Structures are given as C-alpha cells and as structure tokens.
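Only one structure is covered here, and it is reproduced in the block below.
Given the structure is predicted, the values throughout are model-derived calculations rather than measurements. One-based numbering, in listed order, for ligands and for the atoms of each.
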Amino acid sequence: MPQILVIAEHACGSLRPATGAAAGFASQVVAAAGGAFDILVLGADVGPVAAAVAHYRAASVLVADSPALAQPLADTYAHLIAAVARRRGATLVVAAATTFSKDILPRAAALLDAGMVSDVIGVQADADGLVYRRVMFAGNVIATVKLTGMVQAATIRSAAFATPELSSVASPIISVPIEPGGLPSLITFISREENAASRPDPTEARVVVSGGRAIKDSGDFERLIGGLADALSGAVGSSRALVDSGITSNTLQIGQTGKIVAPDLYIAVGISGAIQHLAGMKDAKVIVAINKDGDAPIFEVADYGLVADVYTAVPELTAKLKA
Ligand SMILES: Cc1cc2nc3c(=O)[nH]c(=O)nc-3n(C[C@H](O)[C@H](O)[C@H](O)COP(=O)(O)OP(=O)(O)OC[C@H]3O[C@@H](n4cnc5c(N)ncnc54)[C@H](O)[C@@H]3O)c2cc1C
C-alpha cells in the first residue's frame, strides 16, 4: 500500500493553495489503493504553515524548521526530502507542478532512485500499482503511464485535484531534527529580488484578466487590463505577443511556455486563442473572451463571448463593475 509524502509549498510563511491540491491527489491515491499520507513542511519559522496543513487529513505533518532552511535551495531541500522519505518508508513523493517543485523534486527522485512522472491530472490503482494520466505537448496529448520501482515521485497539476475537505481534528505535528552541518552546501544563497506586486499571482488568483496583441502599449495594458482586474480583485496575465513586444513582463505570460492557471474566471481580452495560449488557461472554470473578430478561435473555448473593440468594451465593463 502506498506510503505518500506530500511536500508543502509556501511563500514567506504563507501556505500556497497548490499544496491543498497535492494533498487532494494523495487522498485520492489512499482512497484507491490504501496506505496513508504525511505532509512535509520545510523552511524557517513555518509553524503557521504546519498548522494550516494539519487539517488536510494527513496521518502526520512532519516539520523541518531551521534557519538553515530559510531559502528553498534545491540541493538542501532535495537532500532532506530524500532523507525523510527513506526514514518514513515513503513509496511515493508528491508535490504540485510549480516552479518550486520542478527545481527540487527531480533531484529528490534521483537521490531516491525513484521513477518520476510530472504534470499528473489523474490517478487510478490497478492490480500491480498506480496508473497516472499526465498532460503532454501543451495539453494536446494525455498519456497514461505506470512507473516501475519501489519508490516513485510525481508532480500534479493543481487544477486537476481539489483540496481535501478540512478536518476539525488536526493531524499530529512531528518535528524533523536538522543538523545544519550535515546539509549539502553546493548552492549558496546570495540575494533575492522580488517584484513588489500589488496584485495576486495569476496561478493563485480566483480571477485572471489577460491582455493580448490588441493592447497597444504598457499604459493601455495598465489602464484596460489592470483596471478590469482591479475591479474584480483579480490578477493580470498576458499572451506571449505582449511579452515579445516588451509591453508586459514575462512573469505575466500565460500559456505553454508561461504560467498555467485554472482560476474560477478567466477573461481573455484581445487574445486570438492560439493553442499555446490555450494550454495555459483552458482549465479555467469560466472563460470570457472579448475580441473584435467573431471568428477568433478563442470563442471556441469561451463560455461567454463578446465581439467588440476592447478599447470601448473594457472601459465600459470596468465602469459598470465599479458602479
Ligand atoms: C513554442 C511556442 C510557445 C509559445 N508559447 C506561448 C505561451 O506560453 N503563451 C502565449 O500566449 N503564446 C505562446 N506562443 C505564441 C502563440 O502561438 C501566439 O502567437 C500568441 O499567443 C498570440 O498572442 P495574441 O493572441 O495576443 O495575438 P494574436 O494572435 O495576434 O491575436 C490578437 C487578437 O486580438 C484581436 N484584436 C486586435 N485588436 C482588437 C481590438 N481593438 N479589440 C478587440 N480585439 C482585437 C484580434 O482579432 C486577434 O484575435 C508560443 C508559440 C510557440 C511557437
């Protein structure tokens, strides 16, 4: 029966919602194949994160809390994940498919000599193990795969799994002893530069408003896309066309080579709906498209479409929402 270790993700002590999806995946595996799951929280001063995940119905919450873990350095974190996985007899190590886990989990899998599957959107159990469904080629192909070997690692798409219903009883919290001198030191943290973003991250927001080539410059982007996003307390995103023309930063790009989002509401403003863009947003619950071309492919995936010029429709919509 699988013994699962779920890796929690947090930013400066606040839990990332994707962790709930990873716990939801683990619950699904336990329901299908038996076993149990633990959640591992790594970092410095992570008591509040541990307290938050303690209601995800895990067998236990393991906490590696040390100033030496203040920065998520891949060599240190992978080493600790592998050590905890060995100690707990974990047969499956899981994290959400995020930038954090893409850096760390393959290293942990290598240390554990584990087979790894990424971008999992479904899981089932058969007579001799777990069968994973994973997306490939910008979502155009869904592969069904099995891993051989005693230990496995998986990253999951957070849009595909729901956070477990919270339990009123907290899981036991167990401290993982850390010896800073015994940690690898191949990577040294020097500094971090962060954008002081006033809007939510598109991968975590309930509402994402994205602009495409219809937007002519960065002032218009802020006024139209930023204005509509603010009226909905949402995040902003953009197509690659705007990133390539220098109008938006690549941190906003949604799509195959950008961020993958699955908000409750995605508003595509002046975006044609190229397959590479759809790969990043087609799992949104409700898609709204505004485009002056009624034949634009975005309308094929949109739940609601408005054929209009964004320069007139968006200010009108924003004003009505504010009113
Ligand atoms: C390997 C690869 C990876 C890629 N990765 C990504 C990715 O991650 N994300 C991504 O977005 N793209 C990606 N692309 C690029 C992608 O193929 C498209 O070129 C891009 O998504 C187009 O952006 P767009 O829809 O903003 O622009 P366009 O395709 O030019 O569409 C602009 C749309 O705006 C409409 N429009 C114009 N003016 C107005 C107006 N005033 N009012 C209303 N509507 C108007 C037009 O009718 C049109 O439909 C990738 C491409 C490749 C080859």
Practice task
Mind checking the CZ-CG spacing from Arg223 to Asp217? Nearest 0.5 Å is all I need.
Solution key: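 CG of Asp217 is found 8.5 Å from CZ of Arg223.
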Proximal atoms of ligand 1 relative to [X] (non-hydrogen, under 4.0 Å):
| X | value |
| --- | --- |
| Ile254 | 7 (C), 8 (O), 9 (N), 10 (C), 11 (O) |
| Gly258 | 8 (O) |
| Gln256 | 7 (C), 8 (O) |
| Ser239 | 11 (O), 23 (O), 24 (P), 26 (O) |
| Gly212 | 26 (O) |
| Asp293 | 47 (O) |

Could you find the nearest protein heavy atom to [atom] and give me its residue, atom name and distance?
| atom | value |
| --- | --- |
| atom 19 (O) of ligand 1 | Arg213 NH2, 4.5 Å |
| atom 42 (N) of ligand 1 | Val310 N, 2.9 Å |
| atom 29 (O) of ligand 1 | Ser272 OG, 2.6 Å |
| atom 32 (C) of ligand 1 | Gly270 O, 3.6 Å |
| atom 53 (C) of ligand 1 | Gln276 NE2, 3.9 Å |
| atom 45 (C) of ligand 1 | Ala214 CB, 3.4 Å |
| atom 4 (C) of ligand 1 | Arg240 NH1, 3.1 Å |
| atom 22 (C) of ligand 1 | Ala241 CB, 4.1 Å |

Practice task
Could you check Tyr266 against Ser210 for side chain to side chain donor-acceptor pair (under 3.5 Å), going step by step and ending with a plain yes or no?
Solution key: CA-CA 8 Å; Tyr266 187 88; Ser210 278; 2.8 Å; yes
How does [X] reach ligand 1, if at all, at less than 4.0 Å between non-hydrogen atoms: by side chain, backbone, both, or neither?
| X | result |
| --- | --- |
| Ala274 | side chain |
| Leu242 | neither |
| Ala308 | backbone |

Could you tell me whether the side chain of [X] and the main chain of [Y] form a donor-acceptor pair under 3.5 Å?
| X | Y | answer |
| --- | --- | --- |
| Asp65 | Asp45 | yes |
| Lys285 | Ala262 | no |
| Gln3 | Gly89 | no |

Problem - Intermediate values then yes/no, side-chain contact (heavy atoms from CB on, under 4.5 Å), Ile81 and Arg107 - result: CA-CA 10 Å; Ile81 290 168; Arg107 295 170 197 250; over 6 Å; no
Problem - Exceeds 12 heavy-atom contacts within 6.0 angstrom, atom CG of Asp126 - result: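 Count over threshold, so yes.
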Handout entry: Asp309, Ile215, Ile275: member with heavy atom nearest to atom 41 (N) of ligand 1
Key =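 Minimum heavy-atom distance to atom 41 (N) of ligand 1 goes to Asp309.
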Exercise for the section: Considering non-hydrogen atoms only, spot the tightest contact between Ala64 and Ile178 and give its length. Expected result: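 The answer is CB-CD1, 3.6 Å.
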Problem - Distance-only polar pair, side chains of Ser60 and Arg88, donor-acceptor under 3.5 Å - result: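 Per modelled atom types, Ser60 and Arg88 side chains form a pair under 3.5 Å.
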Problem - Side-chain donor-acceptor pair present, Asp103, Tyr77, cut-off under 3.5 Å - result: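 Judged by distance alone, the side chains do not pair up.
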Exercise for the section: Would you mind checking if Asp309 and Lys292 are paired as a salt bridge, meaning a charged N to carboxylate O distance below 4.0 Å? Expected result: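 So Lys292 does not pair with Asp309 through a salt bridge.
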Problem - Within-cut-off N or O pair, Lys292 and ligand 1, under 3.5 Å - result: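 N/O-N/O distance under 3.5 Å: yes.
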